Amino acid sequence: MPARKLAPSILSADFSQLAEDVERVTDEADLLHVDVMDGHFVPNLTIGPPVVRSLRKRTDLFLDCHLMVDNPGDLLADFADAGADGCTVHIELGDPRPVFETMRGLGLRVGLTHNPETPVQAVLPYLEEIDLLLFMSVHPGFGGQAFIPSVLDKLTEARRIVDERSLAVELEIDGGINIDTAPRAADAGADILVAGSAVFHADDPAVAARKIKEAAWPNAS
Ligand code: DX5
Ligand code: ZN
């Protein structure tokens, strides 16, 4: 059965009061999603290990670092040292196995992701080697984009395989998740919903986060 977790994405928080924004959603959050962008792999530039280090001092939430960078292997030790719990790398960069090995050596949970236009077949061979498979439901780089529904077929396919083989890997979806799209992602079998603008741009981020979870999993106790 899917795990039913919500991961607010701090990309849409107010960076001038990041700790306060995180605190506001802590009771509703199961993980905290941290978008790392290098201005090369994606056209936007965000944050790196120093911010993770600062966050680590202010929250016990799992820090789920989504690395949208050309050279994740060079940065993993810094993220682990800063207090990241898991790092997720993109399959579009090529063979991820050396990076998986580095992550395991550093004690990081191992995540793999793929862009909306990348076929799910590109990531399925790694299911047995990872803890998290992330489905991008927008083109990576920016918050606030519209959900790309074709990702749901890929998610459904992965859910079927994960259940069939009783694998421990969690399926996470990231991009355009809100009260309307969350139920569709949950029905397709997502364990973890990432939501940025739908949470942090709401008048009350905690209420927004709770409503997304209730919409996704109405029968959860
Ligand atoms: C996009 C990021 C997402 C982003 C999601 O590249 O990976 O995590 O924060 O933002 P929303 O929920 O606004 O689409
Ligand atoms: Zn992300």
Side-chain angles (χ1 to χ4, degrees), residues 1-11 25-35 60-66 85-91 100 103 108-116 118-138 140 146-199 205-221:
M1 181 191 283
R4 301 174 170 169
K5 295 180 183 174
L6 183 73
S9 171
I10 61 165
L11 183 62
V25 298
T26 294
D27 287 348
E28 305 300 331
D30 301 286
L31 310 83
L32 204 61
H33 188 79
V34 179
D35 284 312
D60 293 327
L61 286 169
F62 185 103
L63 298 178
D64 171 37
C65 299
H66 175 193
D85 294 290
C87 285
T88 296
V89 296
H90 273 262
I91 190 68
F100 292 167
M103 284 197 248
L108 291 165
R109 297 257 297 170
V110 173
L112 179 65
T113 186
H114 58 313
N115 288 337
T118 300
V120 72
Q121 286 73 21
V123 291
L124 293 178
Y126 305 99
L127 281 181
E128 258 104 6
E129 300 163 57
I130 59 179
D131 301 303
L132 179 85
L133 180 61
L134 172 60
F135 292 77
M136 289 308 301
S137 40
V138 295
F147 183 77
I148 298 173
S150 58
V151 76
L152 293 173
D153 290 338
K154 300 199 291 180
L155 182 52
T156 304
E157 170 72 355
R159 177 85 261 158
R160 186 183 61 75
I161 296 170
V162 166
D163 289 349
E164 228 168 60
R165 299 189 204 158
S166 301
L167 299 174
V169 58
E170 290 190 306
L171 305 180
E172 180 179 51
I173 186 165
D174 178 14
I177 295 294
N178 54 38
I179 205 159
D180 300 315
T181 55
R184 298 166 69 190
D187 288 349
D191 293 287
I192 306 169
L193 305 177
V194 176
S197 50
V199 169
V207 169
R210 197 174 320 130
K211 285 190 172 162
I212 290 170
K213 283 175 99 166
E214 285 169 1
W217 300 293
N219 299 318
S221 51

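Note that the structure is predicted; figures quoted are calculated from it, not measured.
Considering all non-hydrogen atoms of both residues, G175 and F147 come closest at O-CD1, 3.3 Å. Across all non-hydrogen atoms, the minimal contact from A29 to P8 is CB-CD, 3.5 Å.
In this structure, the side chains of P2 and L171 stay at 4.5 Å or more apart for every pair of heavy atoms. Side-chain contact check for V151 versus P116: every heavy-atom pair is 4.5 Å or farther apart.
Salt-bridge annotation for R159 and D191: present, with a side-chain N of the basic residue lying under 4.0 Å from a carboxylate O of the acidic one. For K5 and D64, the salt-bridge test fails: no basic side-chain N is under 4.0 Å from an acidic carboxylate O.
Distance check, rounded to the nearest 0.5 Å: CD of E172 to CG of L193 gives 9.0 Å. Atoms CG and CD, from L31 and E170 in turn, are 7.5 Å apart once rounded to the nearest 0.5 Å. Here the straight-line distance linking atom CG of L6 with atom CH2 of W217 works out to 6.5 Å at 0.5 Å rounding. K154 NZ to I173 CD1: the interatomic distance, rounded to the nearest 0.5 Å, is 9.5 Å. One finds the CD1 atom of I10 at 11.0 Å from the CG atom of L61 (value rounded to the nearest 0.5 Å). The structure places OG1 of T88 at 10.5 Å from CE of M136, a figure rounded to the nearest 0.5 Å.
Not counting sequence neighbours, the partners of A208 by the side chain to side chain contact (heavy atoms under 4.5 Å, CB included) test are A202. Under the ring-ring contact (aromatic ring centres under 6.0 Å, His included) criterion, H66 pairs with H33, H90, not counting sequence neighbours. Residues that satisfy the side-chain hydrogen bond (donor to acceptor under 3.5 Å, both in side chains) test with R210, not counting sequence neighbours, are E28. Every residue was checked against the salt bridge (charged side-chain N to carboxylate O under 4.0 Å, His left out) condition with K211, not counting sequence neighbours, and none meets it.
A donor-acceptor pair is defined here as one N or O able to donate and one able to accept, closer than 3.5 Å; no such pair exists between the side chain of H114 and the backbone of F135. In this structure, the side chain of T113 engages the main chain of L134 through a donor-acceptor pair within 3.5 Å.
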Show me the donor-acceptor pairs within less than 3.5 Å that the side chains of residues 177-187 make with the rest of the protein, sequence neighbours left out.
{"unit_1": "N178", "atom_1": "OD1", "unit_2": "D180", "atom_2": "N", "d": "2.9"}
{"unit_1": "N178", "atom_1": "OD1", "unit_2": "T181", "atom_2": "N", "d": "2.9"}
{"unit_1": "N178", "atom_1": "OD1", "unit_2": "T181", "atom_2": "OG1", "d": "3.2"}
{"unit_1": "T181", "atom_1": "OG1", "unit_2": "G176", "atom_2": "O", "d": "2.8"}
{"unit_1": "T181", "atom_1": "OG1", "unit_2": "N178", "atom_2": "N", "d": "2.8"}

Using residues 123-130 as the side-chain source, report each donor-acceptor pair under 3.5 Å to any protein atom, sequence neighbours left out, with the distance given to one decimal.
{"unit_1": "E129", "atom_1": "OE1", "unit_2": "R97", "atom_2": "NE", "d": "2.8"}
{"unit_1": "E129", "atom_1": "OE2", "unit_2": "R97", "atom_2": "NE", "d": "3.2"}
{"unit_1": "E129", "atom_1": "OE2", "unit_2": "R97", "atom_2": "NH2", "d": "2.8"}

